[in-house]
Amino acid sequence: MAWFRRDKDPDDKLPQVANGERHVRTEGLWQKCEGCRQIIWKKDLETNWNVCPKCGWHTRIDALTRLKLLLDDGQYQQFDADLRSSDPLRFVDAKPYSERLRANQAATNLSDALIAAEGNLAGRTVQLCVMEPKFIGGSMGSVVGERSPAPSTAPSCSAIP
């Protein structure tokens, strides 16, 4: 007789859950600080503008979050939001550039790596460009070249920094 043997009917097993249905309820609620290696509640991190409350380490943020944190009330107007990159050279390395472009557009919900915008900063109207490093590592495609001078050539640019 085995010490750890269970005497149950084979029909009396617990129901099996498919792997796709399994998930952890606390997943995504905590983040480990790269500076002090402490576990921080994400809500605390967000209320502290993505700076670790324990050691002051600044975590990475995306371009849209940076604009929302930087500008008054998170309000801004984008320049040339309708511009889209193309692949006139049909560039291919590990995979075609056009495929990589579509995948990054879907993943980031951005049309390209740069956002050119106008908004208020401490009550003063400013125009700025913000890069999104998650979009092909901040790759400088044709749209980045078109958008980067957009704030300085906008009709409302007369005396706006």
Hey, what do you get for [atom1] ([X]) to [atom2] ([Y]), rounding to the nearest 0.5 Å?
| X | Y | atom1 | atom2 | answer |
| --- | --- | --- | --- | --- |
| K42 | T47 | NZ | OG1 | 13.5 Å |
| Q78 | E118 | CD | CD | 12.5 Å |
| C129 | I115 | SG | CD1 | 10.0 Å |
| R37 | C55 | CZ | SG | 10.5 Å |
| Q77 | Q127 | CD | CD | 9.5 Å |
| D62 | M131 | CG | CE | 13.5 Å |

(request) Could you walk me through whether Y97 and L89 pass the side-chain contact (heavy atoms from CB on, under 4.5 Å) test, one step at a time? (result) CA-CA 9 Å; Y97 181 73; L89 301 176; over 6 Å; no

Residues at least two apart in sequence or cross-chain that pass side-chain hydrogen bond (donor to acceptor under 3.5 Å, both in side chains) with T59, listed by chain then number, are none

If you define the side chain from C-beta out and look only at heavy atoms, does anything of [X] sit under 4.5 Å from [Y]?
| X | Y | value |
| --- | --- | --- |
| L128 | L67 | yes |
| R124 | N120 | no |
| I61 | L69 | yes |

- Task: Please lay out, stage by stage, how L71 and V126 fare under the test side-chain contact (heavy atoms from CB on, under 4.5 Å).
- Result: CA-CA 9 Å; L71 299 174; V126 294; 4.0 Å; yes

Should we say atom [atom1] of [X] is surrounded by more than 12 heavy atoms from elsewhere, each under 6.0 Å from it?
| X | atom1 | value |
| --- | --- | --- |
| E99 | CD | yes |
| R66 | CZ | no |
| D93 | CG | yes |

>> Could you see if V51 belongs to whatever hydrophobic cluster contains L70? Use Ile, Leu, Val, Met, Phe, Trp, Tyr and a side-chain cutoff under 4.5 Å.
In response: no

Practice item. Identify whether V130 and L110 are in the same connected component of the hydrophobic contact network (ILVMFWY, side-chain heavy atoms under 4.5 Å). Key: yes

Please report the closest heavy-atom contact between [X] and [Y], naming both atoms and the distance.
| X | Y | result |
| --- | --- | --- |
| A122 | D72 | N-OD1, 3.0 Å |
| A117 | Y76 | CB-CD1, 3.9 Å |
| F135 | T108 | CD1-OG1, 3.4 Å |
| E132 | A63 | OE1-N, 2.8 Å |

Members sharing W30's hydrophobic cluster, built from side-chain contacts under 4.5 Å between Ile, Leu, Val, Met, Phe, Trp and Tyr, are L29, I39, W41

